[in-house]
Amino acid sequence: MKADRSMISSFIKPIMESLIAVAIGVLIGAIVLKFSGYSPIKAYVALVKGAVGSAYGWSMTLSAATPIILTALTFAISARTGIFNIGAEGTVYFGAIAAIVFTNMFANPIWGLIGGIMAGILWALPAALLKVYRGVHEVISTIMLNWIAFFTALYLVLGPLANPNDPNKTLEVPASARLPLLMRGSELSLAFIIAIAAAIITYYILWHTVLGFELRASGYNERAARYGGINPKKAIIWSFLIGGIMSGIAGATEVMGRPPSYAISQGMANIYGYGFDGIGVSLVGRNHPIGIIFSGIFFGALKAGATYMQIDAGVPLEMVKVVQGIIVVAVAVPGLWDLVKKVVRR
Amino acid sequence: MEEVPIIEMKGIVKIYPDGTKALKGVDFSVKKGEIHGLLGENGAGKTTLMKILSGMLPPTEGKIYVNGREVRFKSPADALANGIGMVHQHFTLVEVFDALHNIILGMEGHGLFSKIDVDKARAKLQKLMDELNFQVPLEVPVETLPVGVQQRIEILKVLYRNVDVLILDEPTAVLTPIEVKELFDVLRKLKEQGKTIIFISHKLREVMEITDRVTVLRKGEVIGTVNTNEATPQLLARMMVGRDVVLRIQKPPKEPGEPILRVENLWVKGDRGEDAVKGLSFEVRAGEIFGIAGVEGNGQTELIEAITGLRKIEKGRVILNGKDITGRPPKELYNLGVAHIPEDRTHMGLILDMTVAENSILGLHWNAKFTGALNSIKWNTVKAYAQELIEKFEIVAPGVDAPVKSLSGGNQQKLIVAREVSKNPELIVASQPTRGVDVASTEYIRNYLVKLRNENKAVLLVSADLDEVLQLSDRMAIMYEGQFVGIVKPEEVTEEQIGLMMGGIKDES
Amino acid sequence: MKKSVLALFLIGVLAFSVVASGCIGGEKTTTPQTTEEKPQYAGKIAIVYDVGGRGDLSFNDMAYLGASRAAKDFNLELKEVQSKQESDYLPNLRTLAQSGEYTIIIAVGFMMTDAIKQVADEFPNQKFAIIDGYVPDKPNVMSILFKENEGSALVGALAGLIAANDGKDKVGAVLGIEIPVLYKFEGGYRFGVAWAEDYYKKKTGKDVDIQVLYTYTGSFTDPAKGKTAAQAQLGQGAWVIYQIAGAVGLGVFDAVGEYLQSQGKEFGPPFAIGVDSAQDWIKPGVIIASMMKRVDVGVYKAVEAAVKGTFKGGIVELGLADGGVGVSTIDDVKAMFNSLPEDVKKKKLEELGFKSEDELFAKLEETRKQVPDWIWQAVDELKQKILSGEIVVPKAMNKEQIEAIRNAKSWQEMEELAKQWESSS
């Protein structure tokens, strides 16, 4: 059929673009390494070996990918609805807090996830309602809500939820409410499976349900959506809510299924930054849930490989960061390009 | 005495990149110190001609002479240097700047650090305003000023650049009657000072009132130039709309049935908050095509959007089959049997980035026919349905999974028509259904609208194409400034009468 | 066309800023010398820094100082590993432990406590040490803690006496994220200020009531926050400001420095007080002294124990008596400054506008002379009393305890609290 060719090319094109971008990034990174006096080959071998060269490497890669896949879904579903929701960061905090509270009340992982989901919904609502009823731009509101979340969470972590036995963190998720590890002596837990499932569900919602149709229609063209009997306000609220759920789950699984802490560290050190990483993951994955699975694993591999690049290849962390930054920027350019074009066109 | 015209355009041809032939060899000349009207319907080529004269567009062919000297404009700056400036229909002001800075914008000098001599500019402007007896506040952000004042700023902006020939594109379209009167006073004053003015309009009364001579354009050609004092509105109207009928649509006589749509005293505001629809009442009956003609921008868009639930209704009622549907959302209207072919297919009727299949169910995607468990969409059913539409309506598309933007304009429009009429509606609201559509598709769509009427549906047709309204309508209204100048039967009026009504004049005879 | 140029430009700017920030980050901490030519090779040790990383001119750099000195003394190869974020701790430690090559692995920072516990269980034959982390019950983990409350009491006394002597009634503290570790600092500082009030009254007969302004900035990394907080405190009349906030403190120094500049003064008061390392050299004339937390001493002791076979799991707490904390002396500053790589030293001197190190140290001497001798002697007197056990400095470990100290009226009252807490724990 004629249609097949265009379908295949619409899948292949972004993949090819991304692969070329990776190659360019790797090349520039190699040049930088060379000029800084390190062996690019040794460094990249260590990176690959550390990330995917062993079962433990894989476990680090996949566990690092878990939270950022989820936060990327938050960004992606909103981007598909024409919204730039960068509130994943704050939602992660509350998801984690809710999971800690719920699992300490009911020592069962299901309750932890429910807590994360509820926190995600509740914390998505303010930005959604402000957008729909007051026309507050979501970038502004979500940035401010991130700060509100940060300081509120800081207070909760320090005060009501402080761990009486260890002042450096909150109450722990009880052993019976932790997500089982998929591999002994690793950080890889059921959380990864949950993240993959979430991506697949997001894909299904967006492309196989009436709701998803309405979200995407609103995202592409609000006027046409309105003409098509769709209420864009409703679409916006739904996209915030589903996105919130994803980040809420990210926070919950991070404390329920990521050794060693099973708690929130002081200053939120162990759950900080995933919301922002998610934006990059989503852009590289072209805001497509399936693309996000791969780009999330790619980002995870970069994180996991960083350890080996330091220890095996003796490349200092700063240089590792520079090289990884170059690769990430190169990979993000195609997605970013699309996004910028869209913004400029408005 | 043979006076050299200040402006002379000879054999101007303009073909746009998409192949549209906007001007087909136009000769146009303007005498120094006159107010010259340029009259014509939408798409007659008035604006294109003037954009060429003001250096915004290059002509495909033809020559331009200023004071007998041949010129070639590469940009509006070249035209300004030759004393020709244009005030556009859509203002080009920086809203947060005050009038003074808007007027001197672009004249600051070209160095990165050139100093702007604001005081000198202010003094020069004040002198200009005093001479014209025409004041605008110079220090207030223009966004806070009324439209009429903003327009004066636009005019001042051009005069400040020392032009001799001032082109005004539909200057009265956005003005209140009092503002129109004030504008005319200013134009007369400018004429006294020896300026030449080209006044683009489709409003007969205004053209009769203000101009010395009128050139009428129709479909890219000059029909003629007349002295205004020798012309009558009737003559101008005939020149403007007189035409050969290109297509013939077979339309058997039919007795209309019950009223399907009833509109009572409808008031709707436009995007800028002005009253766009002013107390309209009419009905559309089963088995009838009710056409609305008129120059675009007279409230048709707002009327249609209000009826189809896309725009807020300020006052009045819309009744469908005896049920009050005022202010109901589109989804509800569709479920009650309303179909809508919108005027803007690329921004409203279709989502260009989505596929043919996805677009084929826009506005009925919730229909039980296409949905399964958990509100999922049954894509196989949808694709089969889209394929069916493609075949039945002879739409040329690479496939149901191709993005709709890969279709030609005519086929995009056919897809919309196919989708809307396949809803089996009671009322079809068709707005500019054949605009930008090739001849074959146009005929197909027109015949389909007649077919629906023959099947006893109610059709509300809005079109800027007078032929279309004349041919298709059983009854037609001519809309002017938010109201109907009259409701007539096409076969009972002359083109001259319609032309007058489109220009806002009701012929009482 | 134009739009695509704009889009391209935006991407270019973005890409540049990312890469540039990476490069600047990379430039900040020049490559550490990981291996040194040694006649006899006695094995390897590893040190894992926390997210603050090398180049913080404080905590992590002090740890490096201790580790490198130990490596030199005992002929060891030193492997340094940095951490980008908290989730890196476990993989970093585990990867090192898996290799089995290291005599001891040192984790710098309390944030690695959970990771150390886990890895210690997984690798029972590997020796670990953690700085600032409380791990009392693992036979293969040496947990090195500091009595920051004691050191903070000394700089509190210094601050309080400088203010009292100039007839001022406010001193300040700018802190990082509100975590319990910082309560030890804040409590000790308050104790020192209260002790200064009493001392001053005894000496001059004048009653003084010095208020402690304190701000938790919510960050350890954003100097702008420290600057804003310090500016606010200066505006309220704070005469000496103690920074307990890592890199945020650099902003505190800036704020005090700019304030002095605006008054046309080369030297304080008002002064700032540094923390963790001898930070005095960072802004001569502005920083009167630093509360040193001798992380280097802790790291060195751990390595020494592992090499000499005296390693034992459990808590090692270093206070004034062990040289673990203290007020910086000029010699300390010299040692700290000389631990910087040569090129960094040269650059810093240039930035500060000195031709030579001697000029810098002369300026530091001069700074200290702004404070009368009797104040320095008083601080030393407090130190002796703490060492002898005559005075006990309270150690606030949680919100409740810090509140009790904040509400206490005198140092005696605070000491009473200290004794209560000690007997109950």
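So that the names make sense, note that chain A is the first sequence line, chain B the second, and so on, each numbered from 1.
- With a threshold of 4.5 angstrom between heavy atoms, C:Ser219 does not approach chain A through any atom at all.
- Atom-to-atom distance recorded for C:Leu90:CG and A:Met60:CE is 9.5 Å, nearest 0.5 angstrom.
- Summarising the geometry, atom OG belonging to A:Ser265 is positioned 8.0 Å from atom CZ belonging to C:Phe110; distances are rounded to the nearest 0.5 Å.
- The neighbour count for A:Lys49 NZ, taken as heavy atoms of other residues, nucleotides or ligands under 6.0 Å away, does not exceed 12.
- Both the backbone and the side chain of A:Glu187 come within less than 4.5 Å of a heavy atom in chain C.
- Residue C:Asn398: no heavy atom, backbone or side chain, is found under 4.5 Å from chain A.
- Contacts of A:Phe151 with chain C are made by side-chain atoms alone, with heavy-atom separations under 4.5 Å and no backbone atom involved.
- Atom NZ of A:Lys42 sits in a sparse spot, with 12 or fewer heavy atoms from other residues, nucleotides or ligands closer than 6.0 Å.
- Contact count against chain C (heavy-atom pairs under 4.5 Å) is highest for A:Gly185 among A:Gly185, A:Gly159, A:Ser63.
- Scanning residues 298-307 of chain A against chain C with a 4.5 Å heavy-atom cutoff picks out A:Lys303, A:Thr307, ordered by number.
- Counting all heavy atoms, side chain and backbone alike, C:Gln118 lies closest to A:Pro259 at OE1-CB, 3.7 Å.
- Of the listed residues (C:Ser87, C:Pro91, C:Ala115, C:Gly133), the one with the most heavy-atom contacts under 4.5 Å to chain A is C:Pro91.
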### Query
Run the side chain to side chain contact (heavy atoms under 4.5 Å, CB included) check on C:Glu178 and A:Leu154 step by step: do they pass?
CA-CA 8 Å; C:Glu178 188 164 355; A:Leu154 208 56; 5.8 Å; no
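- To the nearest 0.5 angstrom, C:Gln98 atom CD is 7.5 Å from A:Ser54 atom OG.
- In this structure, chain A has heavy atoms under 4.5 Å from both the backbone and the side chain of C:Glu86.
- In this structure, the separation between CD1 on A:Ile311 and CD on C:Gln82 is 11.5 Å, given to the nearest 0.5 Å.
- At a 4.5 Å heavy-atom cutoff, the contact between A:Phe150 and chain C is made by side-chain atoms alone.
- When every heavy atom of C:Arg94 is checked against every heavy atom of A:Ser186, the shortest pair comes out as NH1-CA, 3.7 Å.
- Taking every heavy atom of both residues into account, A:Gln310 and C:Lys79 meet most closely at O-NZ, 4.1 Å.
- The choice from A:Tyr56, A:Tyr308, A:Tyr155, A:Tyr272 that makes the most heavy-atom pairs within less than 4.5 Å of chain C is A:Tyr56.
- Proximity to chain C is absent for every atom of A:Arg184, based on heavy atoms less than 4.5 angstrom apart.
- Of the atoms belonging to C:Tyr183, it is side-chain heavy atoms, and not backbone ones, that fall under 4.5 Å from chain A.
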